[in-house]
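Read through the structure below, which is laid out as structure tokens, and then see the notes.
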Amino acid sequence: MTAKSRPRPGLVIVSNRGPYRLYVTKRGLKRERTVGGLVTSVLPMLEHVGGVWIAWGEPEGRFPIPPRRSKFELQHLRLEPEQVRRYYHGLSNSALWPLCHSFLGRVRYTPSDWQCYEQVNGLFAHAALAAAGPDDVIWVHDYQLGRMPQYVRDARPSARLLGFWHIPFPSVELFATFPWRQRLLEGLLACDVLGFHIPAYAGNFIAAAVELLGARADGDQVAWRGWTTRVKARPIGIDFAAIARTAASPPAQKRAQEWRAAIGQHPIVLGVERMDYTKGILERLNAMEVLLERRPDWHGKVTLIQIVTPSRTEVPTYQQKKREVDEAVGRINGRFSDGVWSPIRYFCRSFSIDELIALYRTAEVALVTPLRDGLNLVAKEYVAARLNNDGVLVLSEFAGAAQQLPEAVLVNPYSIDDMATAIEGALTMPIDEQRRRMEAMRARIQAQDIDWWAQEFLNDIQRG
Ligand code: GDG
């Protein structure tokens, strides 16, 4: 069914940024995929189910995607530069993001940013109410839109509202530092169903609602001012079948061979992430350096391919982190390169998803070592692309994904020495053990894919 012939949306997704950047050209509208975990999972879901996706971006308006035989409609709201600065770079990225990732030293709480956050959440609510029919489900995503559910509920008490928080929810002690903590909790408690990745985050949220707001909790139900919200822990899935299919395709196979030829026959260790201080890129580089100090016999015999996708480049702390990573790569390559071999191949740009999948296929080890991460999809994508059940995933204990992937080699990314030991262990793991671990992880990620995740939440709200 095309978007035009669809009687009404059914599902209205609302998030800060949408799945595409749109450009007006002489030949019509061009689109380019945006990079990030939310888009990776939510886009295939909306393509399957159909509906409307509301986000801010340019040009303003509603666009069928793809233009002919559309699967859904993308609606762009326009924000003023000052709103982007205060609501997005300010409150969202300089207050809530560091707070929720337990980087209290990095938070900046600015009242005018909060006012703007409230205002922009109101704009999103207005757009969602206009797009959604009375029976449609409005699904609000992530920490940039924590106040929006309440604006929707106040305007339409019968609205069917789902919420999903993609990043960690911190402990009560940390969350209590947020000056507008009650307003934020109240905003989220306007949802019928509110999801988090893992039980620890859901538990932190419930504890905050009880202790800081005075809400009543009974199991996963939280009651506040006559409204009951069901709080669920369910880790978001990936489109497992699509990744496995791409990994098995002849182009991916060819590209994997090209990477192998370029690097050599020795093991490849892979890191892929947005440039972000939460992702632990610097700590991982330091661990590689310690490993190379410890094991001169591995010089020339292991290569780290590190892909860092530019992100939030306007925020000064992100610019600073990028400089530190650049310097560390320079230092380590400067110390150990021998003219033919360099320990780190560093790419500071975006790759196509097909190229990433070819790399997942090629790399013997994936290093996913964030200091704190809501879930982490790269870990799941690596597992999905390992068609022969070999390869080793080294995964931070502080990524939500560690709960779902206990067969990974789990590490504490704050301990550089332990991380170096874990990489050493991964590089020497016997093939039987690799297969045993990988098979278990693949089975779970395949069963709990994006369709499973979306369907469970949609069932929850039907049961309402
Ligand atoms: C947030 C939470 C949670 C990366 N570089 C490129 C590229 N990527 C893709 C990866 C993956 C996605 O971006 C990153 O997802 P993550 O989950 O690792 O991290 P966040 O962006 O921080 O996502 C996170 C997620 O939301 C979902 O709830 O897991 O904890 O922080 O899919 O493949 N994709 C392309 N080129 C790149 O260069 N095409």
Side-chain angles (χ1 to χ4, degrees), residues 13 15-17 19-21 31-45 92-93 96-103 139-145 163-169 195-198 200-201 233-240 242-243 246-247 270-281 305-312 318 346-361 363 366-385 393 395-396 398-405 445 448-450 453-454 457:
I13 298 285
S15 69
N16 170 61
R17 296 312 299 266
Y20 294 105
R21 255 178 227 105
R31 60 182 204 279
E32 183 187 295
R33 264 284 289 273
T34 50
V35 168
L38 187 154
V39 167
T40 298
S41 286
V42 177
L43 180 61
M45 176 191 99
S92 300
N93 290 340
L96 282 174
W97 177 269
L99 170 65
C100 290
H101 288 85
S102 308
F103 284 86
W139 196 339
V140 184
H141 287 268
D142 228 358
Y143 64 101
Q144 300 92 348
L145 298 175
F164 193 82
W165 189 267
H166 288 257
I167 63 176
F169 198 90
F196 295 89
H197 287 301
I198 58 172
Y201 309 155
R234 191 171 289 137
I236 202 166
I238 55 167
D239 192 345
F240 183 95
I243 291 179
T246 304
L270 178 67
V272 178
E273 40 263 307
R274 289 184 305 99
M275 172 61 75
D276 199 299
Y277 54 85
T278 61
K279 300 288 183 184
I281 303 167
I305 297 180
Q306 178 63 58
I307 296 173
V308 178
T309 311
S311 181
R312 303 177 193 172
Y318 284 71
Y346 176 50
F347 300 89
C348 200
R349 64 179 170 85
S350 186
F351 278 56
S352 74
I353 184 68
D354 289 2
E355 186 84 84
L356 287 186
I357 292 173
L359 274 167
Y360 293 146
R361 245 194 90 128
L367 293 184
V368 180
T369 54
L371 300 174
R372 176 83 52 188
D373 210 335
L375 187 76
N376 194 289
L377 296 180
V378 170
K380 293 187 168 192
E381 291 164 1
Y382 178 70
V383 165
L393 173 64
L395 180 59
S396 163
F398 306 124
Q403 306 262 311
Q404 220 181 352
L405 299 169
I445 298 306
Q448 299 183 342
D449 68 356
I450 186 62
W453 180 84
F457 274 111

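Counting starts at 1 for both ligands and their atoms, in listed order.
Judged by distance alone, with hydrogens and angles left aside, the side-chain atoms of Tyr360 form no donor-acceptor pair with the main-chain N or O of Ala247 at under 3.5 Å. Put simply, the side chain of Tyr318 never gets that close to the backbone of Met275: no donor and acceptor are under 3.5 Å apart. Proximity of a side-chain donor or acceptor of His101 to a complementary backbone N or O of Asp373 within less than 3.5 Å is not detected. With Thr369 contributing its side chain and Ser396 its backbone, the two residues share no donor-acceptor pair below 3.5 Å. For Lys380 (side chain) and Ile236 (main-chain N/O), a donor-acceptor pair under 3.5 Å exists by modelled atom type.
Under a 4.0 Å criterion applied to the non-hydrogen atoms of His197, ligand 1 contributes the atoms 3 (C), 28 (O). Less than 4.0 angstrom separates some heavy atom of Ser350 from each of these atoms of ligand 1: 36 (N), 37 (C), 38 (O). Remark: ligand 1 atoms within the under-4.0 Å shell around heavy atoms of Gly374 are 30 (O). Near Trp97, meaning under 4.0 Å from any of its heavy atoms, are these atoms of ligand 1: 31 (O).
Within the structure, ligand 1 has Tyr360 among the residues with a heavy atom less than 4.0 angstrom away. Proximity of Trp165 to ligand 1 is not established, as no heavy-atom distance is less than 4.0 Å. Residue contacts with ligand 1 include Lys279, since one or more of its heavy atoms lies under 4.0 Å from the ligand.
Residue contacts with ligand 1, taken as heavy atom pairs separated by less than 4.0 Å, do not involve Arg33 at all. When heavy-atom distances to ligand 1 are checked against a 4.0 Å cut-off, Met275 has no atom that comes that close, whether in backbone or side chain. For Leu377, heavy-atom contacts with ligand 1 shorter than 4.0 Å involve the backbone as well as the side chain. When non-hydrogen atoms are compared, ligand 1 lies under 4.0 Å from neither the backbone nor the side chain of Ile238. With a heavy-atom cut-off of 4.0 Å, Glu273 does not touch ligand 1 at all. At a heavy-atom cutoff of 4.0 Å, ligand 1 is contacted by the side chain of Thr40 but not by its backbone.
Between Trp165 and Tyr143, the ring planes lie perpendicular to each other; the angle is over 60°, past the 30° to 60° tilted range. Using bins of under 30°, 30° to 60° and over 60° for the plane-to-plane angle, the ring pair Phe347/Phe351 lands in the perpendicular bin.
Close N/O approach between Phe164 and ligand 1 is not found [any backbone or side-chain N/O within under 3.5 Å]. By the 3.5 Å distance cut-off applied to N or O atoms, Arg274 is counted among the residues near ligand 1. The shortest N/O to N/O separation between Glu381 and ligand 1 falls below 3.5 Å. Here's the thing with Asn376: one of its N/O atoms is less than 3.5 angstrom from an N/O atom of ligand 1. When only interatomic distances are considered, the shortest N/O to N/O separation between Ile167 and ligand 1 does not fall below 3.5 Å. For ligand 1, the polar-atom distance check finds no N/O of Ile307 at less than 3.5 Å from any of the ligand's N/O atoms.
Looking only at heavy atoms of the protein, atom 30 (O) of ligand 1 is closest to Asp373 OD1, 2.5 Å. What sits closest to atom 36 (N) of ligand 1 on the protein, heavy atoms only, is Phe351 O, 2.4 Å. Protein heavy atom closest to atom 9 (C) of ligand 1, with residue, atom name and distance, is Val35 CG1, 4.1 Å. Closest to atom 34 (N) of ligand 1 among all protein heavy atoms lies Leu356 CD1, 3.6 Å. Among protein heavy atoms, the minimum distance from atom 25 (C) of ligand 1 is reached at Gly37 CA, 3.7 Å.
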For this session: Apply the test side-chain contact (heavy atoms from CB on, under 4.5 Å) to residues Thr34 and Arg17: give CA-CA distance (whole Å), side-chain angles for both, the deciding distance (0.1 Å), then the verdict.
Result: CA-CA 8 Å; Thr34 50; Arg17 296 312 299 266; 5.6 Å; no

Exercise. Passes side chain to side chain donor-acceptor pair (under 3.5 Å), Thr278 versus Asp276? Steps please.
Worked result: CA-CA 5 Å; Thr278 61; Asp276 199 299; 3.0 Å; yes

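Taking CG from Leu367 and CD1 from Ile281, the interatomic distance works out to 12.0 Å, rounded to the nearest 0.5 Å. Distance check, rounded to the nearest 0.5 Å: CD1 of Ile167 to CZ of Phe196 gives 10.0 Å. For the atom pair OG (Ser15) and NE2 (His141), the distance works out to 7.0 Å, reported to the nearest 0.5 Å. Distance CZ/Arg33 to OG1/Thr40: 5.5 Å, rounded to 0.5 Å.
If you check each of Arg372, Arg349, His166, Glu355 against atom 3 (C) of ligand 1, the one with the closest non-hydrogen atom is His166. Nearest-residue assignment for atom 5 (N) of ligand 1 (options Asp276, Ile236, Thr278, Thr309; heavy-atom criterion): Thr309.
The ring of Phe164 has its center closer than 6.0 angstrom to the ring center of Trp453.
Nearest heavy atom pair, residue Asn93 against residue Tyr277, reads O-OH, 4.5 Å.
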